[in-house]
Amino acid sequence: MSPWIVDHLWLVPAVPLAASLLILSFAGSRSKGAAALAIIGQLIALVLAVAAFIPTLQEPGWRAFHNFTWFTFGENAVRIGWVLDPLAAAMLVMITLVGLCIFVFSMGYMAEDKNFSRFFAYLSFFSAAMLGVVIANSLLLLFVCWELVGLASYLLIGFWIHKPSAAAAAKKAFITTRIGDLGFFFGILWLYGSSGTLLFYDDGKGCLESAGLLAVGASATFIALLIFSGAVGKSGQFPLHVWLPEAMEGPTPVSALIHAATMVAAGVFLVARVYPLFSLGAVDGVTPSLTVVVWVGVVTALMAALIAIAQADIKRILAYSTVSQLGLMMVSLGVGGVAAGIMHLLAHGFFKALLFIGSGSVIHGCHHEHDIRKMGGLRRVMPVTFLTYAVGMMTLSGVPLFFSGAWTKEEILHQTAHWPRSQAPFYLMLAGVVLTALYMTRQMIYVFFGNRRAAAEHAHESPRVMTVPLIVLALGTIALSIVVTPAWPWLHAYLSGEPARFEIARLIQPMLFVSLALVAAGIGLGLLIYRRAGAFDPLERSQPALFRFLENKMWIDELYAHTVIAFSRTAAVLSDWMDRYIWDGFVRAFGSIGQAFGILTKGVDERGINAAVDEGVGSARGVGRVMSLWHSGQIQTYLGAVAIGMLALLLFYVWLA
């Protein structure tokens with residue numbers, strides 16, 4: 001008998017959704033009750049998520065699902081449902097817990113915003129949509145919630161709609177992700193046509209189970225790549241990564257939610273969820289679709305890490321860091337390290353949320369300044385923000401022992417090193433480790449060390465409502481390291497369905513020392529280059545051309561502007577010209593021909609047919625008038641006429657005789 005929570009798993013996303021609808025319906029524009037309602041809804045969702053997490057601890061690989069018929073058409077039924085397994089349960093806990101911290105932080109950060117209530121309604125809606133993605137046991141239901149996540153991101157990125165840059169960023173995010181989603185939709189159609197179902201698990205008949213995979217057969221590679229295009233858009237992978245840094249135009253809590261717990265996590269989660277489709281027919285763990293995933297991840301991770309080195313906006317640095325880390329997760333999935341990739345995704349949810357709301361605390365304390373070159377020396381005036389931000393920085397950089405990101409990144413490197421197809425991704429990811437430590441050291445030096453610059457002159461620590469979530473996330477980031485260490489890889493075993501064994505000797509691994517050396521090299525290089533950095537970047541001074549190339553995001557946006565966008569604009573202009581002067585001309589010509597026929601038929605009708613009919617009617621009327629004279633209505637006249645007629649006939653007869 002399945003636990004109660006399995007049949008009622010829909011309540012996890014339903015509670016935040018209900019909170020969102022209630023806020024929109026009843027709360028005023030700046031009602032504090034809106035924040036309370038959103039936080040209570042998220043807290044209830046967290047409790048339900050924990051309740052869902054507990055049954056998955058019963059045995060390795062435990063899974064339960066609940067399916068039902070949504071609607072029927074003809075003899076066909078569309079069935080959807082939800083699934084509870086370690087992947088879904090871990091994601092539910094991470095999303096609700098990290099989201100709750102972001103919600104609380106938002107109370108302080110957005111306190112003066114005139115649309116305070118609407119903001120919390122959108123946050124709750126965003127959380128509900130992502131939770132729906134996680135629990136879906138149907139690719140159709142997942143796609144519906146997937147699109148709701150896109151809608152929520154559009155509303156939140158463009159929340160400050162009075163800013164043209166925010167409106168443009170929201171449109172860019174929405175349109176760019178729709179490109180990937182179009183491929184995703186085609187993949188769904190192809191999968192349904194091949195397997196006859198979109199349910200993941202259905203007592204052996206689901207599309208991820210033996211019967212469904214057998215039906216898909218050779219088309220699995222193409223279906224997987226089409227589905228992956230959706231993940232490329234949502235998780236900001238090359239070449240559809242261009243929207244993600246622009247999402248920084250939204251309020252900082254939005255950036256934390258998008259880049260840590262929700263939207264960008266969706267793409268990685270999707271690949272992990274449908275991994276049996278990607279790995280179908282694998283030889284030594286390698287398939288064409290997984291190879292594509294690996295190389296897309298490699299390019300994304302390295303490209304974003306390089307660009308982050310030359311950015312000055314504190315949030316934009318973290319945004320490119322997110323792109324890079326998502327690329328690392330994709331590499332892990334591609335080489336077969338599904339558990340390692342999801343472990344890093346979960347850890348990333350904590351430490352990247354910590355970094356983003358930490359950057360929000362810095363921005364709030366520096367009176368909404370974003371440029372790190374105008375900060376400096378903030379560790380003295382913002383000690384809580386500094387200490388918690390340092391935890392996030394060291395976790396992201398991969399400093400070992402007490403920081404979860406180090407262990408999850410080390411596990412990914414270990415998986416990548418054993419990929420049979422090529423060793424190139426492994427060595428490129430080692431370079432990515434150095435770059436990550438370098439750009440995070442640069443950011444820390446600019447923001448918290450050195451002398452105070454313009455924006456830091458009147459800086460102050462953030463209120464407790466903003467610092468408490470920072471402390472909670474910092475503690476969570478450290479605590480998570482306990483269950484991801486090689487000595488006791490409980491989380492890895494939980495996700496992979498294997499028993500966990502405690503082996504202290506496993507802490508001593510060659511890869512750990514390699515990671516430690518690379519992190520030390522990155523931090524040391526950062527200290528060497530930026531220890532005396534001022535308003536002018538040392539790299540810009542020594543390598544201006546390279547710095548400008550990286551500062552301008554490798555000119556990728558400009559490349560798109562001069563190719564794809566220029567082509568689209570030219571096609572639009574051409575279509576407009578053809579519509580106005582070609583198709584409109586054809587329409588007018590056919591209209592003129594029709595009008596000429598109308599005039600001709602009118603002439604024939606009026607001067608020919610109507611005239612003839614009128615003339616005939618006139619003649620008939622004259623004949624009738626003459627004949628009417630013969631009809632006086634007097635019986636004597638009629639009898640006289642009859643007598644005359646009979647006399648005439650008699651005379652005619654006599655004459656003939």
Side-chain angles (χ1 to χ4, degrees), residues 102 105-106 108-116 118-123 125-126 129-130 149-180 233-236 240-266 304 307-308 310-324 326 352-353 355-375 443 447 455 551-554 556-558 560-561 565:
I102 295 171
F105 176 86
S106 301
Y109 192 85
M110 300 295 292
E112 303 302 322
D113 196 281
K114 64 180 181 179
N115 293 311
F116 182 84
R118 181 161 57 89
F119 180 77
F120 277 93
Y122 291 170
L123 282 185
F125 177 61
F126 203 167
M130 185 61 198
V149 168
L151 172 61
S153 69
Y154 171 79
L155 295 173
L156 284 168
I157 294 171
F159 182 75
W160 286 328
I161 199 68
H162 58 276
K163 293 172 56 180
S165 57
K171 288 188 290 185
K172 186 174 184 178
F174 192 79
I175 294 171
T176 305
T177 53
R178 291 293 77 67
I179 295 171
K234 274 289 191 292
S235 288
L240 299 180
H241 68 283
V242 291
W243 71 267
L244 210 155
E246 303 300 324
M248 297 303 96
E249 292 296 335
T252 298
V254 173
S255 304
L257 203 59
I258 289 177
H259 286 251
T262 56
M263 185 168 178
V264 297
I307 293 175
Q311 300 304 305
D313 187 311
I314 185 172
K315 288 170 59 179
R316 198 172 292 271
I317 295 170
L318 297 178
Y320 278 106
S321 167
T322 298
V323 176
S324 181
L326 291 168
K352 188 50 66 69
L355 287 169
F356 264 111
I357 66 174
S359 71
S361 179
V362 170
I363 292 168
H364 183 270
C366 292
H367 307 285
H368 300 284
E369 179 58 63
H370 289 235
D371 194 331
I372 62 173
R373 296 169 298 185
K374 298 179 182 179
M375 299 174 185
Q443 188 186 59
V447 176
E551 184 182 30
N552 287 281
K553 301 165 286 187
M554 297 185 178
I556 294 175
D557 283 276
E558 287 74 12
Y560 277 138
I565 297 175

Measuring only between side-chain heavy atoms, which start at C-beta, is [X] closer than 4.5 Å to [Y]?
X    : Y    : result
V242 : Y560 : yes
F159 : M110 : yes
H364 : T252 : no
D113 : W160 : yes
M130 : M263 : no
C366 : K374 : no

Quick check: does any side chain N or O of T322 sit under 3.5 Å from a backbone N or O of L318, one acting as donor and the other as acceptor?
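Flag set: sc T322 to bb L318 pair under 3.5 Å.
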For the side chain of K315 and the backbone of M248, is there at least one donor-acceptor N/O pair under 3.5 Å apart?
yes
Please name the pair of heavy atoms, one in [X] and one in [Y], separated by the smallest distance, quoted to 0.1 Å.
X    : Y    : value
I102 : A353 : CD1-CB, 4.3 Å
I258 : V264 : O-CG2, 3.0 Å
P253 : F119 : CB-CZ, 4.0 Å
E249 : S165 : OE1-OG, 2.9 Å

Output all residues satisfying side chain to side chain contact (heavy atoms under 4.5 Å, CB included) with N552, sequence neighbours left out; order by chain, then residue number.
R548, W555
Partners of A304 by side chain to side chain contact (heavy atoms under 4.5 Å, CB included), sequence neighbours excluded?
Y320, V323, S324
Reported [atom1]-to-[atom2] distance for the pair [X] and [Y], which is rounded to 0.5 angstrom:
X    : Y    : atom1 : atom2 : value
I357 : L257 : CD1   : CG    : 11.0 Å
L155 : L123 : CG    : CG    : 11.0 Å
L326 : L244 : CG    : CG    : 7.0 Å
F120 : N115 : CZ    : CG    : 12.5 Å
D371 : R316 : CG    : CZ    : 11.5 Å
Q443 : Q311 : CD    : CD    : 11.5 Å

What pairs of donor and acceptor atoms, side-chain ones from residues 169-180 against any protein atom, are under 3.5 angstrom apart with sequence neighbours left out?
{"residue": "K172", "atom": "NZ", "partner": "D557", "partner atom": "OD1", "Å": "2.6"}
{"residue": "T176", "atom": "OG1", "partner": "K172", "partner atom": "O", "Å": "2.6"}
{"residue": "T177", "atom": "OG1", "partner": "A173", "partner atom": "O", "Å": "2.7"}
{"residue": "T177", "atom": "OG1", "partner": "F174", "partner atom": "O", "Å": "3.1"}
{"residue": "R178", "atom": "NE", "partner": "E147", "partner atom": "OE1", "Å": "3.1"}
{"residue": "R178", "atom": "NE", "partner": "D181", "partner atom": "OD2", "Å": "3.3"}
{"residue": "R178", "atom": "NH1", "partner": "F174", "partner atom": "O", "Å": "3.1"}
{"residue": "R178", "atom": "NH2", "partner": "E147", "partner atom": "OE1", "Å": "3.3"}
{"residue": "R178", "atom": "NH2", "partner": "D181", "partner atom": "OD2", "Å": "2.5"}

Decide if the gap between the ring center of Y122 and the ring center of F126 is smaller than 6.0 angstrom.
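Between F126 and Y122, which both carry aromatic rings, the centre distance is not below 6.0 Å.
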